[in-house]
Amino acid sequence: MTAAFAALTALQNRYASTGCGLPPALPDPEYWRGGVVGIAGVPLLVAARDIEAVIAVPVLTPIPGTRNWVLGIASHHGGLLPVCCGDSLFGQPLPPGRRREYCLVIKRPGLYVGITLSRVEGNIKLPMAQRATETRIEGPLAACCDGGFWQGERFLGLLDSSRLATVGALSDTAARPEAIAEDSAS
Amino acid sequence: MSKTTPSVPVAAGLVALLVGLLGSIVGLAITLGSVAEASAARSVLLLVIAVLVLLLAVVAVLLWQARANDSRTADSAGITTALSRLAEGDLTAVASSDSPATGAIAEQLNTALERQRELVASIRSPFEGLVTELHKLGKNGSSGGERSAALGRELQDAGVSLAQDLRGADNLTTVSQQAREAMSQHRQLVNRGQGLAADMSRASTDVRESIQETSKSAKRQGELIQSVTTAAEYIQSLNTKISVVAINTRIEAERAGEHGRPFLGIAEAIGDLLREAEEEGRKITSEVRLLQNLSAENLNSLEHTVGAVVTVLDFVERIDGSLEDIGRGAGKLLDMVDSMATTTQQSAEAVRRMDALLKSVREQNCGLSDSAELMQQGVAALQQTLSTLGRSLARFRIDSHGATSVGSGGSVTDV
C-alpha cells in the first residue's frame with residue numbers, strides 16, 4: 001500500500017512538474033484495453049463499455065422462489081440490483097460458508113445484473129496481434145465469450161455482454177415448483 | 001656172588017648146547033658116512049667134533065671150579081649181599097651169616113644200616129616240609145613278582161595320568177589368570193561405559209532442553225510467520241481493492257469521454273503498479289507459505305527430535321542399568337575366577353604331592369621287584385639244590401615199600 005501511495009505521489013509530482021496540458025490522445029489501435037476478472041475460476045477479459053462497475057458484494061436481500069444461483073437483490077446507485085452467483089451459474093457451487101467479495105455489474109438494455117467474481121486482477125493492455133477469434137475455454141462461459149487473447153500460456157476469454165444476455169438462465173430465474181415446496185417445507 | 005650164581009646155569013647151558021651140537025654133528029657124520037663123496041666133509045666134521053669135545057671138557061673144568069668157589073663163599077654171602085644192596089642205596093638190606101667169624105660183622109652192619117635208615121628218615125622229614133614251603137615260597141615269589149610288575153605298570157599309568165592332571169591344572173591356572181585379567185579389563189570397560197552413559201545422559205538432557213527452547217522459538221517464529229501471512233493476505237486484498245478501483249477508474253474514464261482520458265493513464269499506471277505489487281505480493285505470499293511450511297516441518301521435526309531424545313534418555317538409563325548389572329556380574333565372575341584359581345592351585349599342589357608320593361612308591365616298588373627277582377633267583381637256586389639233594393636222597397631205600405617219595409608235599413623230583 002505504501003508503494004501504491006508512493007507511486008501516486010510520484011505520479012502527482014511528475015504530472016505537476018511536467019504537466020503542460022492534455023496531449024491529444026489518440027486511440028491506440030494496436031492494443032486492446034480492458035479489465036481481467038475471473039468468473040467461476042475462469043479468467044475473462046471484460047471491456048469497459050460492457051460493464052458498469054466492479055463493486056464489493058453489497059448487502060443482499062434473498063428473493064424467495066428463485067433459482068439457487070440468485071443470491072438476492074441489493075441497492076445500488078439508488079436502484080435494485082439482482083446479484084447472481086457466478087460460480088453456481090457457470091460452474092460448481094461454492095462450499096457452504098464461503099462467499100465472494102466482488103461482483104461485476106453489467107448494465108445494458110435488457111440486462112442489469114451483478115455476477116460475483118472469483119478473482120479481480122485489474123486492467124490489462126494486450127496487443128491486438130494476440131487476438132483469437134476462437135474461444136479456447138470450455139463450459140457454459142464459452143457461449144458468453146467472443147474469442148479471446150493469449151497471454152503467455154494462458155487464454156483469456158473475451159466476455160461479450162450481448163451473448164451473456166442470451167443465456168437462458170439469466171432470463172428465467174424462477175425456481176421449479178418442487179424446489180419451492182422443498183424450500184417451504186424446510 | 002652175583003657173578004657166580006648165574007655162571008652155573010650158563011655153564012650148564014653151554015654144556016647142554018655143546019652136547020646138543022655134538023650130537024647133531026655126530027648124527028650128521030653118521031649120515032654122511034654112507035656117502036663116498038663126503039669124505040672131505042667127514043674129516044672136517046670130525047675135526048669140529050674134536051674141538052667141541054675139547055670145549056666140553058673146558059666147560060666141565062670151569063663148572064667144577066665154580067662149584068668150588070661157591071662152596072667157599074657161601075659163608076659170607078649174606079654180608080656180601082647186604083653190602084651190595086647198601087652200595088645200591090638199599091638201606092633195608094639185612095646182613096646175615098652162619099659163620100661165627102662173619103656173624104659179628106653182619107650184626108654191626110645191620111646196626112649201621114639201622115642208623116643210616118634213621119638218619120635218612122630224620123633228613124627226609126624236614127626235607128619234605130622244606131620242599132613244600134619252598135614250593136609255596138616259589139609260588140608266592142612268582143605271584144608277588146607278577147603283582148609287583150602289575151603294580152609298577154599301574155603306577156606308571158597313574159604317573160602319566162597325574163602328569164596330565166598336573167599339566168591340566170597348570171593350564172587351568174594360566175587360564176584363570178588370563179580370565180582374571182580379562183575380567184579386570186572388562187570391569188574397567190564397564191566403568192568407562194557407565195561414565196559414558198552418564199555423560200550421554202547429561203548431554204541428552206542438555207539437548208532436550210535446548211530443543212525445547214528451540215521449539216519455543218520455532219513456535220514464536222510460526223506465530224510471526226502467521227502474522228506476516230495475515231499481513232500478506234491483507235496486502236493481497238488491498239491489491240484486489242486497488243484493482244477494482246483501477247477497473248472502475250477506467251470505466252468511468254471511458255464513460256467520461258474526452259475528459260476522462262487522463263484517468264485512463266492513471267488507471268493504466270495503477271494497473272502497472274498493481275501488477276508489480278501483485279507479483280511481489282504473490283512471491284511474498286508464496287515464500288511466506290513456504291516459510292510457514294518449513295517452520296511447521298521444523299517444528300514437527302523438533303518435536304520428533306524431542307521424542308527421540310527422550311527415547312535416547314530412556315535407552316541411556318537402560319544402558320546404565322544394564323552396565324550396572326554387567327558390573328555386578330563381572331564382580332561375581334571375578335570372585336568365582338579367583339576361587340577357581342585358588343582351588344586349582346590347591347589341586348595342583350595336591351597333584352604334585354601325590355606325584356612325589358607316587359614316585360616314591362614306584363621306587364619302592366622297583367626295589368620290591370628287584371628283591372622279588374632276587375628272591376626268585378634264590379628260590380630257583382635253592383630248588384635246584386633241593387632237587388639235587390632230593391635225587392640223592394631218593395637213592396636211599398629206607399622202607400619195604402621201596403618208595404623214594406619225600407612225603408605228601410610232592411616228590412623230590414617235583415622240586
Side-chain angles (χ1 to χ4, degrees), chain A residues 1-12 14-15 18-28 31-38 44-57 76-77 100-107 117-126 151 159 161, chain B residues 224-293:
Chain A
M1 190 168 60
T2 306
F5 282 125
L8 288 173
T9 304
L11 187 62
Q12 182 182 8
R14 188 177 64 180
Y15 186 77
T18 61
C20 55
L22 293 174
L26 297 175
D28 189 358
Y31 289 94
W32 182 92
R33 289 179 173 81
V36 181
V37 297
L44 296 172
L45 294 172
V46 289
R49 64 176 179 278
D50 287 342
I51 58 176
E52 184 183 78
V54 175
I55 61 171
V57 175
H76 177 65
H77 290 177
R100 299 298 185 186
E101 295 181 352
Y102 296 96
C103 67
L104 180 68
V105 179
I106 300 173
K107 185 176 183 181
L117 300 175
S118 60
R119 183 178 178 84
V120 179
E121 293 188 12
N123 293 322
I124 194 171
K125 183 175 71 173
L126 295 169
Q151 185 189 29
L159 185 64
S161 59
Chain B
L224 291 174
I225 291 171
Q226 184 62 37
S227 176
V228 171
T229 303
T230 304
E233 289 176 352
Y234 178 69
I235 290 171
Q236 192 70 25
S237 68
L238 283 182
N239 287 335
T240 304
K241 288 179 181 177
I242 293 170
S243 298
V244 170
V245 170
I247 291 173
N248 289 331
T249 301
R250 166 172 288 279
I251 294 169
E252 293 300 332
E254 288 194 1
R255 191 174 294 163
E258 195 63 29
H259 296 286
R261 289 193 179 276
F263 293 99
L264 288 176
I266 293 172
E268 288 184 1
I270 291 173
D272 294 339
L273 293 174
L274 270 177
R275 271 189 289 278
E276 294 180 4
E278 280 183 350
E279 187 175 356
E280 292 301 323
R282 276 195 295 272
K283 285 182 181 177
I284 290 171
T285 303
S286 174
E287 291 176 355
V288 165
R289 282 177 183 168
L290 183 61
L291 193 60
Q292 193 174 17
N293 292 334

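A note on names: the letters A, B, ... follow the listed sequences, proteins ahead of strands, and every chain is numbered from 1.
- If you measure heavy-atom distances from E101(A) to chain B, you find no contacts under 4.5 Å at all.
- What you find for T249(B) and F263(B) is that their closest heavy atoms are CG2-O, 3.7 Å.
- Counting heavy atoms from C-beta on, the side chains of L104(A) and L159(A) come closer than 4.5 Å.
- In this structure, chain A has no heavy atom under 4.5 Å from any part of L274(B).
- With respect to the salt-bridge test (charged N to carboxylate O, under 4.0 angstrom), the residues E268(B) and R250(B) qualify.
- Contact annotation for L117(A): neither backbone nor side-chain heavy atoms come within less than 4.5 Å of a heavy atom of chain B.
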Side chain to side chain contact (heavy atoms under 4.5 Å, CB included) evaluation trace for L45(A) with W32(A): CA-CA 10 Å; L45(A) 294 172; W32(A) 182 92; 3.7 Å; yes
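- Each of D272(B), L273(B), V244(B), I270(B) has some count of heavy-atom pairs under 4.5 Å with chain A, and the biggest count is that of V244(B).
- Within the 4.5 angstrom heavy-atom criterion, no atom of A277(B) approaches chain A.
- Annotation for Q151(A) and I124(A): closest pair NE2-CD1, 3.5 Å, computed over non-hydrogen atoms.
- Note on E252(B) versus R255(B): salt bridge recorded, some NZ/NE/NH1/NH2 to OD/OE distance being below 4.0 Å.
- No part of L264(B) comes within reach of chain A, as not one of its non-hydrogen atoms sits under 4.5 angstrom from that chain.
- Across G271(B), S237(B), A267(B), A246(B), the residue that shares the most heavy-atom pairs under 4.5 angstrom with chain A is A246(B).
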